[in-house]
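Here is the structure we will look at, set down as structure tokens.
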Amino acid sequence: LKYYHPRAFYVGLLNNQPMGFWTPAVLAADAKRHGIKTLPIDLRVSDVKCTVENQAIRLGFNYLKNLGKEGGARIVNAREERPFRDLIDFCQRTNLPRRAVENLILVGAMDHWNIARRNLLWEFGKLRYPIIELNLPTPDEMVDLPTLTPEEAMYLEYSILGLSPTMHPIE
């Protein structure tokens, strides 16, 4: 299977973790050594589990901490109705826990909106989930936040996903 259908092989292993002694990071690195790219989680195209996409492996929502299968299914079902316009639309249609949305932002799943991750986190911090929050005032003005460095982005991807589809420590 690894020789004739390597992408399906890696996707199968990634979707059935934990198993054996190969971590997701080791599997992604091995796939890369065999010329197979691992694509990051993306709200527009990722599925609940990892998939094969254009000769590459697309990480699924199952790799995001604090999301779970139900959360991944909520994203996919809401996306089938129509694409997400922005963060507010995404939050209203999925009603995911705050930590799951923060993790999606931090791993770059919303980068296609061309808003820096820190700015998107700031915007998310201003949104209200009235059921689970205290009604505290939040300033409306935007703060000038620095863009994440590649090292910071890699650290966040590793800490949240268990691997980094965009960068590896050796690079």
Side-chain angles (χ1 to χ4, degrees), residues 1-84 87 89-91 93-117 120-121 147-171:
L1 188 61
K2 185 176 180 181
Y3 183 78
Y4 290 106
H5 305 284
R7 289 158 194 82
F9 171 77
Y10 289 112
V11 165
L13 288 175
L14 288 168
N15 283 337
N16 289 290
Q17 290 293 317
M19 60 175 285
F21 55 90
W22 290 328
T23 65
V26 169
L27 293 170
D30 190 47
K32 184 176 181 178
R33 279 192 298 279
H34 288 89
I36 301 170
K37 187 174 182 179
T38 303
L39 304 172
I41 294 175
D42 188 325
L43 282 185
R44 299 169 297 177
V45 292
S46 287
D47 206 342
V48 175
K49 290 190 169 193
C50 300
T51 56
V52 175
E53 178 184 313
N54 297 328
Q55 304 301 312
I57 298 167
R58 173 69 68 181
L59 288 180
F61 295 119
N62 57 327
Y63 270 87
L64 195 78
K65 289 182 181 176
N66 301 312
L67 185 63
K69 288 181 184 178
E70 181 186 323
R74 270 197 243 173
I75 294 170
V76 172
N77 291 336
R79 183 181 66 207
E80 286 175 357
E81 294 174 21
R82 65 183 184 279
F84 299 110
L87 182 62
D89 180 47
F90 174 79
C91 291
R93 291 172 46 204
T94 60
N95 198 27
L96 292 172
R98 290 193 74 83
R99 193 65 192 148
V101 177
E102 289 171 358
N103 286 345
L104 283 163
I105 293 168
L106 290 171
V107 300
M110 301 174 182
D111 284 355
H112 62 278
W113 289 328
N114 296 318
I115 301 172
R117 293 177 193 181
L120 206 51
L121 278 174
T147 305
L148 289 174
T149 66
E151 293 81 14
E152 290 171 321
M154 182 182 70
Y155 171 77
L156 290 169
E157 290 169 0
Y158 270 112
S159 64
I160 294 170
L161 300 174
L163 69 146
S164 174
T166 57
M167 186 184 284
H168 295 280
I170 295 173
E171 294 177 343

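Every value quoted in this text rests on a predicted model; they were computed, and no experiment measured them.
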If the condition is side chain to side chain contact (heavy atoms under 4.5 Å, CB included), which residues does Arg79 pass it with, not counting sequence neighbours? Phe61, Val76, Phe84
Checking Lys2 now: which residues fulfil side chain to side chain contact (heavy atoms under 4.5 Å, CB included) with it, not counting sequence neighbours? Phe9, Tyr10, Asp30, His34
Partners meeting side chain to side chain contact (heavy atoms under 4.5 Å, CB included) with Asn103 (sequence neighbours left out): Leu64, Lys65, Asn66, Arg99, Leu106, Ile160
By salt bridge (Lys or Arg N to Asp or Glu O under 4.0 Å), Arg7 pairs with (sequence neighbours left out) none
Under the criterion side-chain contact (heavy atoms from CB on, under 4.5 Å), I'd like the reasoning laid out for Leu120 against Met110: C-alpha separation, chi angles, the key distance, then a yes or no. CA-CA 9 Å; Leu120 206 51; Met110 301 174 182; 3.6 Å; yes
Residues two or more places apart in sequence or in another chain: which of them pass salt bridge (Lys or Arg N to Asp or Glu O under 4.0 Å) with Glu70? Arg74
Leu87 and its side-chain contact (heavy atoms from CB on, under 4.5 Å) partner, picked from Ile115, Leu104, Val101: Val101
May I have the step-by-step check of side-chain contact (heavy atoms from CB on, under 4.5 Å) for Tyr63 and Val107, ending in yes or no? CA-CA 11 Å; Tyr63 270 87; Val107 300; over 6 Å; no
Quick one: CG on Leu14 to OG1 on Thr38, what's the gap to the nearest 0.5 Å? 7.0 Å
Would you find more than 12 non-hydrogen atoms of other residues, nucleotides or ligands less than 6.0 Å from His5 atom NE2? no
Got a sec, which residues hit side chain to side chain donor-acceptor pair (under 3.5 Å) with Arg82, two or more places apart in sequence or on another chain? none
According to the salt bridge (charged side-chain N to carboxylate O under 4.0 Å, His left out) rule, which pairs have a member within residues 9-18, sequence neighbours left out? none
Of all heavy-atom pairs linking Asp111 and Arg117, the shortest is OD2-NH2, 2.8 Å
Ignoring hydrogens and angles, tell me if any N or O in the side chain of Asp42 forms a donor-acceptor pair with the backbone of Arg44 under 3.5 Å. yes
Starting from the C-alpha separation in whole Å, work towards a yes-or-no answer on side-chain contact (heavy atoms from CB on, under 4.5 Å) for Leu96 and Cys91. CA-CA 7 Å; Leu96 292 172; Cys91 291; over 6 Å; no
Beyond-backbone contact of Val11 with Thr51, side-chain heavy atoms, under 4.5 angstrom: no
Among all residues two or more places apart in sequence or in another chain, which pass the side chain to side chain donor-acceptor pair (under 3.5 Å) test with Asp47? none
Is a side-chain N or O of Ser46 found less than 3.5 angstrom from the main chain of Leu59, in a donor-acceptor match? yes
Could you pull out the closest heavy-atom pair between Ala100 and Leu67, with the gap in Å? CB-CD1, 3.9 Å
Can you tell if the side chain of Lys37 reaches within under 4.5 Å of the side chain of Ile57, non-hydrogen atoms only? no
Any side-chain heavy atom of Glu152 within less than 4.5 Å of one from Thr149? yes
What distance separates Leu13 CG from Leu27 CG, expressed to the nearest 0.5 Å? 5.5 Å
In terms of heavy-atom contacts, does CH2 of Trp113 have more than 12 from other residues, nucleotides or ligands at under 6.0 Å? yes
So which heavy atom on Ile36 is nearest to which on Ala56, and how close? CG2-CA, 4.4 Å
Output all residues satisfying side chain to side chain donor-acceptor pair (under 3.5 Å) with Asp89, sequence neighbours left out; order by chain, then residue number. Arg93
Which residues pass the side chain to side chain contact (heavy atoms under 4.5 Å, CB included) test with Thr147, sequence neighbours left out? none
Smallest heavy-atom separation, Asn62 atom then Cys50 atom, equals OD1-N, 3.7 Å
Check whether any side-chain N or O of Arg58 sits under 3.5 Å from a backbone N or O of Pro40 as a donor-acceptor pair, and report yes or no. yes
